[in-house]
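Within every chain, numbering begins at 1; the chains are lettered A, B, ... in the order of the sequence lines, protein sequences first and strands thereafter.
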Number of protein chains: 2
Amino acid sequence: MPPEKQYYQAHPTFHVAVDSIIFGFDQGELKLLIHKRQFEPARGEWSLFGGFVQQDESLDEAASRILSEHTGLRDIYMEELHSYGEVDRDPAGRVISVAYFALIPAGEFTEAGKSKSGATWVSMEELPSLIMDHNQMVEKALRRLKRRAATQPIGFELLPGEFTMPQLQALYEAIYQSKLDKRNFRKKILAMEVLIKLDTKDKSSSKKGAYLYRFDQKKYKKLVEGGYNFTI
Amino acid sequence: MPPEKQYYQAHPTFHVAVDSIIFGFDQGELKLLIHKRQFEPARGEWSLFGGFVQQDESLDEAASRILSEHTGLRDIYMEELHSYGEVDRDPAGRVISVAYFALIPAGEFTEAGKSKSGATWVSMEELPSLIMDHNQMVEKALRRLKRRAATQPIGFELLPGEFTMPQLQALYEAIYQSKLDKRNFRKKILAMEVLIKLDTKDKSSSKKGAYLYRFDQKKYKKLVEGGYNFTI
DNA sequence: AATTTTAAGTGTGAATCTAACACTTGCAAA
DNA sequence: TTTGCAAGTGTTAGATTCACACTTAAAATT
């Protein structure tokens, strides 16, 4: 055996899990996708979606795989949030968990809820108690979402490809839990020049109809490369 | 064997390491503490300080232990940065690494460099090439430091307990790689009302001497709890 | 004793950004 | 034709940011 293998082998190994905090936006509310845990310990209690990392996959791959196994969705915005490694965090054994946070666009919202694993969208306003340290993970994810939303145009990840100003504003209001002035909001968003206004209107929520917008990915990327700091 | 143990046992386990990006500030320059790796693979190449997590310790504890083993320092500011889990990131085997970033106060700076493990402070301006994905970790840590420094009074972690305005300004200039106006800088810092001005002066860098300040921990904590957003 | 040198310390005003505020428009339903 | 409802639109006062230059204290030099 080569010396490095020997050296490494002298150290313990651990089960490594990923747990995903999955946010969605629907009916003017920010929601979290959870389910009832299918195995011991704590079978039947509310839990984030998670699973164990396998030998042939990276952490990011594991997170994507588990999300897609449970929701059927692919190419979803995900980023690593934090790693949880307290010795006693899982009563059944030592498990190190890497938490991810994910944003599901409104268009895929109902799709994600259809999972066989009993996925349920719950309002962030009335979160149930989750197993182990999962509530702690959700709190951290929410802080991250607030920061990201203020700093990068991440909010668009939660909306359909085409959206109206009132929809976008409602999303920010749900994230920040506060009312915004619509004139100031529009001004600020439009000043960034990353939205493309379409000719079509969405009449689903008013007789007059609201113009649809699309997010200009290319323009945004250029701005970011040039050191732009998107701020709500 | 209880059912949950069986379930968990069906999954693979991994070596888990922590690697620390350790920043210091000296001679007006931001520096990184590294050393030459002591074991295979890549023995003798520049590396961050790291080590394997043990059975009886959390990730945070492992990070503190490894820092103290190598530098002799305790109670150092550390926070988790990101987890690295690419399958091939370590050529000698599958290792998942949790990166931490640490700030060593100026008073402990030389102490930290005295390690038997050949610790060396290198300027962030002329970083050597590090093993595996360590340069990537450093880049991420630097971005985090910039953000933190602009948002929380973390810069104080890199200075001695008593410091002068010119020192504090030099630190921020080193972090942001840009000159700041001293009148505006003073105004902004003092407006936060988290500094206590002392009667004593530090004459080490001028004939006139500069007043020493101390950071008011209690006052800052109250501000943070009340939702204050420290910004440079 | 007077002069020079060096870094520390101090205030103002123009420009920009932020935040508060109310009426008009378009369209469907009554 | 009138009514109701959400969408859409500008202005101004106040706050913040940014640029900018001289005075002061003390040691070192003449």
Send over the distance from A:Asn184 CG to C:dA19 C1', rounded to a whole Å. 6 Å
Could you give the CD1-to-C1' distance, from A:Ile189 to D:dG8, as a whole number of Å? 16 Å
DNA chain C-proximal residues of residues 202-210 of chain B, any heavy atom under 4.0 Å: B:Ser205, B:Ser206, B:Lys207, B:Lys208, B:Gly209, B:Ala210
Looking at A:Glu111 and A:Gly72, would you say the former's side chain and the latter's main chain have a donor-acceptor pair under 3.5 Å? no
Within less than 4.0 Å of OP1 or OP2 of C:dG9, is there a side-chain N or O belonging to B:Arg186? yes
Send over the distance from A:Lys179 NZ to C:dA20 C1', rounded to a whole Å. 17 Å
Whole-Å distance separating the NZ atom of B:Lys187 from the P atom of C:dG9: 16 Å
Selection from D:dA7, C:dA19, C:dA8 that lies nearest to any side-chain heavy atom of B:Lys182: C:dA8
If you assign each of B:Leu190 and A:Asp181 to its closest nucleotide in DNA chain C, which residue comes earlier from the 5' end? B:Leu190
In whole Å, I'd like the distance from the NZ atom of A:Lys188 to the C1' atom of C:dT16. 13 Å
B:Arg183, nearest nucleotide to its side chain (from D:dT17, D:dC20, D:dG10): D:dC20
Plane angle bin for A:His35 and A:His70 - parallel if under 30°, tilted between 30 and 60°, otherwise perpendicular: perpendicular
A:Leu81 side, atom CG; A:Asp19 side, atom CG - distance, nearest 0.5 Å: 10.5 Å
Indicate whether any N or O donor in one side chain lies under 3.5 Å from an N or O acceptor in the other, for B:Tyr84 and B:Glu86. no
A:Leu168 CG to D:dA6 P, straight-line distance once rounded to whole Å: 19 Å
Just how far, in rounded Å, is P of D:dG8 from CZ of A:Phe185? 12 Å
Straight-line distance of A:Lys36 NZ to A:Trp46 CH2, nearest 0.5 Å: 5.0 Å
Check: B:Ser47 side chain, B:Glu45 main-chain N or O, donor-acceptor pair, under 3.5 Å: no
Would you please say whether a donor-acceptor pair under 3.5 Å links the side chains of A:Asp202 and A:Thr164? no
Give a yes or no on whether a donor-acceptor pair under 3.5 Å exists between the nucleobase atoms of D:dT24, that is its base, and the side chain of B:Lys201. no
Between D:dA7 (C1') and A:Gln167 (CD): distance, integer Å: 13 Å
